[in-house]
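First up is the structure itself, then whatever we jot down about it.
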Amino acid sequence: MNTIKIITPGMLATVQDDGRIGHQGEGFLNSGVMDIFSYQIGNALVGNKSTDKPASIEFGVTGGKVKFSSSTIVAITGARVNAKLNDATVSQDIPILVNENDVLDFTQIIEGRFVYLSVAGGIQVPKVMGSHATTLAVNLGGFNGKRLESGDVLNILDASQAFDYNTVKLLPKMPLNLISLIKTKKIRIVPGPEYDWFSEDEWQKLLNKPFHLGKHIDRMGYRIEGPKIIFKPENLLSEANMNGAIQISRDGQPIVLLADRATHGGYPVIAKVITSDLGTLAQWPQHKPIHFEKVSLNDAWLASADRAEVVEGIYKSKPWEILLHTRTMANKIKCLF
């Protein structure tokens, strides 16, 4: 089996996909990637269908350094890094051809918080309850249910296993000006289940005052600091926690629930970050003010549809086949000598 070896895992590297959907009611966390758009773009660039839930490696806070045992095609997306392949600078958001014993180094994150390494065919780990996602809290899924460490060896596919060279298109296209790290001035939200627990004055605080990331941010959620938001003093039965739910804690400060959130909770949810902006929030700079903007459910659906169209367009353009053409021609030339 062909492999990828972890030389430097950074602060937190795990195998993830788009999450363990459909088992939250049974008490299992969804987990999955923090920046779904970056993950999807990376997999589209290397020829993986999103519907197959391909496994990628998510590096948090700092990037990583890996070594390949065979040729394949990879992509680095998400947070901006200084990436080098055998000491030669390489770009992000494009397919990259790696060969036997190549070393890919992207340890230094210069903007953002989560960077993704996607590989043709996906990281070869077994699915648990329909997902490759790692849930560290219960050592479930991913690579033996744990964070990746130096020396870990993960199975991958060789390029010849991941692709059918006989079906390569004649005119694949490389996406132009593609940047997977999305930066915006505002985070879009829709009203949450307890939206009416908050007066118009409290809503105006949320929508018109600046907030900042607090000191406590991780894959479970981000604590947000800003003006105190007051809600009516009623008891709330525990309810299912949504990805992107903005809970208001007893001290009046928001908590945005994310990939490794608990399955249920008891704080009122004033709003929910729309799916398209979850990755943007996950990558948000520590000292940049956060401004929230309320949008309609229809706007939220349209934003998701726009992102899906971008990913589908990349996949249909088959940019990885440009590298397959290069490799095929190199092999033919090699056979002549």
For this session: Could you point out which residue of Ile57, Ile76, Asp35, Ile41 forms a side-chain contact (heavy atoms from CB on, under 4.5 Å) with Tyr116?
Result: Asp35
Problem set entry | Partner of Phe143 under side-chain contact (heavy atoms from CB on, under 4.5 Å), chosen from Thr134, Asp152, Val153 | Asp152
[atom2] on [Y] to [atom1] on [X], rounded to 0.5 Å:
X: Asn99; Y: Leu85; atom1: CG; atom2: CG; value: 8.0 Å
X: Asp299; Y: Ser276; atom1: CG; atom2: OG; value: 11.0 Å
X: Ile322; Y: Leu97; atom1: CD1; atom2: CG; value: 12.0 Å
X: Glu239; Y: Gln247; atom1: CD; atom2: CD; value: 8.0 Å
X: Leu45; Y: Leu178; atom1: CG; atom2: CG; value: 6.0 Å
X: Ile290; Y: Ile224; atom1: CD1; atom2: CD1; value: 4.0 Å

Check whether any side-chain heavy atom of [X] sits under 4.5 Å from a side-chain heavy atom of [Y], and report yes or no.
X: Asp102; Y: Lys67; result: no
X: Lys186; Y: Thr184; result: no
X: Ser50; Y: Asp18; result: no
X: Thr72; Y: Asn2; result: no
X: Met242; Y: Leu257; result: no
X: Ile109; Y: Phe59; result: no
X: His212; Y: His287; result: no
X: Met34; Y: Leu281; result: no

For this session: Assess whether side chain to side chain contact (heavy atoms under 4.5 Å, CB included) is satisfied between Leu136 and Arg219, documenting all intermediate values.
Result: CA-CA 10 Å; Leu136 294 176; Arg219 281 181 48 84; 5.9 Å; no
Check for me, please, whether [X] and [Y] land in the same ILVMFWY cluster - side-chain distances under 4.5 Å, paths through other members count.
X: Leu117; Y: Leu157; result: no
X: Phe198; Y: Leu206; result: yes
X: Val81; Y: Val33; result: no
X: Tyr39; Y: Ile123; result: no
X: Phe114; Y: Phe37; result: no

Problem set entry | Audit row: Leu324, Glu321, side chain to side chain contact (heavy atoms under 4.5 Å, CB included) steps and yes/no | CA-CA 5 Å; Leu324 293 185; Glu321 290 192 352; 4.3 Å; yes
Sidechain-backbone polar pair: [X] side chain, [Y] backbone, donor-acceptor under 3.5 Å:
X: Lys53; Y: Gly19; result: yes
X: Gln92; Y: Ala75; result: no
X: Arg261; Y: Leu258; result: yes
X: Gln283; Y: Gly112; result: no
X: Asp218; Y: Gly221; result: yes
X: Glu149; Y: Lys146; result: no
X: Glu225; Y: Gly214; result: no
X: Asp260; Y: Met220; result: no

Closest non-hydrogen atom pair between [X] and [Y], with its separation:
X: Gly32; Y: Gln16; answer: N-OE1, 3.1 Å
X: Leu213; Y: Gln286; answer: O-NE2, 3.4 Å
X: Val273; Y: Val256; answer: CG2-CG1, 4.1 Å
X: Ser91; Y: Ile96; answer: O-CD1, 3.6 Å
X: Arg80; Y: Ser180; answer: NH2-OG, 3.2 Å
X: Asn48; Y: Gly122; answer: ND2-N, 3.6 Å

State, without any angle test, whether [X] and [Y] hold a side-chain donor-acceptor pair at a distance under 3.5 Å.
X: Thr3; Y: Asn155; value: no
X: Ser118; Y: Ser56; value: yes
X: Ser249; Y: Asp251; value: yes
X: Thr77; Y: Ser38; value: no
X: Arg188; Y: Ser296; value: no

Does the pair [X]/[Y] count as a salt bridge with the N-to-O cut at 4.0 Å?
X: Lys185; Y: Glu293; answer: no
X: Asp105; Y: Lys84; answer: no
X: Asp17; Y: Lys127; answer: no
X: Glu202; Y: Lys232; answer: no

Exercise. Does Lys183 make a cation-pi contact with Trp284 (under 6.0 Å, within 45 degrees of the axis)?
Worked result: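 Lys183 over Trp284 ring: no.
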Exercise. Any cation-pi pair here, Arg20 with Phe28, using under 6.0 Å and within 45°?
Worked result: no
Exercise. What orientation do Trp197 and Phe231 show, parallel under 30°, tilted 30 to 60°, or perpendicular over 60°?
Worked result: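 Rings of Trp197 and Phe231: tilted, as their planes differ by 30° to 60°.
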Exercise. Counting only heavy atoms not in Leu236, do more than 12 fall under 6.0 Å of its CG?
Worked result: yes
Problem set entry | Over 12 foreign heavy atoms within 6.0 Å of NZ, Lys5 |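 Result for NZ/Lys5: open.
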Exercise. Run the side chain to side chain contact (heavy atoms under 4.5 Å, CB included) check on Glu111 and Leu181 step by step: do they pass?
Worked result: CA-CA 9 Å; Glu111 186 179 11; Leu181 180 67; 4.0 Å; yes
For this session: Kindly indicate, with the supporting measurements, whether the criterion side chain to side chain contact (heavy atoms under 4.5 Å, CB included) is fulfilled by Leu297 and Ile274.
Result: CA-CA 9 Å; Leu297 283 174; Ile274 70 170; over 6 Å; no
Exercise. Do Tyr315 and Trp320 make the cut of ring centroids closer than 6.0 angstrom?
Worked result: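 Aromatic pair counts; centres sit under 6.0 Å.
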Exercise. Going through the checks in order, is the salt bridge (charged side-chain N to carboxylate O under 4.0 Å, His left out) test met by Glu58 and Arg147?
Worked result: CA-CA 10 Å; Glu58 177 185 88; Arg147 66 173 64 197; over 6 Å; no
